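Below, each value reflects all heavy atoms present in this structure, side chains not excepted, and no hydrogens, waters or symmetry copies. These figures come from a predicted structure and were not determined experimentally.
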Amino acid sequence: SKHRVAVGPSDPDFYKAKFMQARMIVANNDAKYDINKRRAKHFGEHMKECPTWSQAEDTPTQQALILSPGLHAKKMQWLNRHDKECGKLYGMLPLLHHMPMALTDHVDRSPEKNLLAGTIGHVHSWVMGPKEPEVVRGTARPLQYLPLVVFLEFPDAKWKVPGLDEPGLYP
């Protein structure tokens, strides 16, 4: 059944291939987000780097406002939606150099790159917008604006994105 409760740690379902390869299994998004924030904090402590937090912007597009002028009033409803309905985007994205990240969607299906959902890359760097205040090294803080771009590096990649010198670097 789809809504079955496990009987304990020795439940045979936990040893099926789909669970044995899982990075994490949780029942609720709030637990998933909290676990990932704690993992990022732990990773930062290990790497002796404080996380920079990029907060998602829940801003409707101009086209969406034309179709539904009262959309701003529905913002609180957005916060209760499942991440599958919101492009699988987290509310807070921690940015730490070399931190592993898994793609949540197919980014480039070309045989050369093969950047599919579940592919692991590592945060290489990010570019701040011109209005973003200077970051004080060694302090964790939320960004006031979204980064212009976040670069992920994919180990052992031989391909290069046009305009970038490093192989396996993807914006």
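The one candidate from Glu153, Glu166, His97 that meets the side chain to side chain donor-acceptor pair (under 3.5 Å) condition with His124 is Glu166.
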Test side chain to side chain contact (heavy atoms under 4.5 Å, CB included) applied to Leu164 and Tyr170, step by step: CA-CA 9 Å; Leu164 298 177; Tyr170 198 91; over 6 Å; no
field: Full working for side chain to side chain contact (heavy atoms under 4.5 Å, CB included) between Met101 and Leu152
entry: CA-CA 8 Å; Met101 293 244 178; Leu152 294 184; 4.3 Å; yes
- request: Show your working on side chain to side chain contact (heavy atoms under 4.5 Å, CB included) between Lys37 and Trp53 and close with a plain yes or no.
  value: CA-CA 10 Å; Lys37 285 179 189 176; Trp53 296 94; 3.9 Å; yes
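Between the CD1 atom of Ile120 and the CG atom of Leu115 there is a distance of 12.0 Å, given to the nearest 0.5 Å. Rounding to the nearest 0.5 Å places CG of Leu96 at 12.5 Å from NE2 of His42. Here the CZ atom belonging to Phe154 is positioned 10.0 Å from the CG atom belonging to Asp108, to the nearest 0.5 angstrom. Taking CH2 from Trp159 and CD from Glu112, the interatomic distance works out to 8.0 Å, rounded to the nearest 0.5 Å.
In terms of heavy atoms, Gly118 sits closest to Ala102 at O-CB, 4.5 Å. Residues Leu169 and Val161 come closest through the heavy atom pair O-CG2, 3.3 Å. For the pair Gly129 and Leu148, the tightest heavy-atom approach, listed with the atom from each and the gap, is CA-CG, 3.7 Å. In terms of heavy atoms, Phe43 sits closest to Pro100 at CE1-CD, 3.8 Å. When every heavy atom of Val127 is checked against every heavy atom of Phe151, the shortest pair comes out as CG2-CE1, 4.0 Å. Taking all atoms of both residues into account, the shortest heavy-atom contact from Ala157 to Gly168 is CB-CA, 3.4 Å.
When the shell of 6.0 Å around NZ of Lys41 is examined, it contains 12 or fewer heavy atoms from other residues, nucleotides or ligands.
Judged by distance alone, the side chains of His98 and Glu49 never bring a donor and an acceptor atom under 3.5 Å apart.
In this structure, His122 contributes its side chain and Met99 its backbone to no donor-acceptor pair below 3.5 Å. Gln55 places no side-chain N or O within 3.5 Å of a backbone atom of Leu143 that could act as its donor or acceptor partner.
Two different hydrophobic clusters hold Val107 and Leu116 under the rule that ILVMFWY side chains link at heavy-atom gaps under 4.5 Å.
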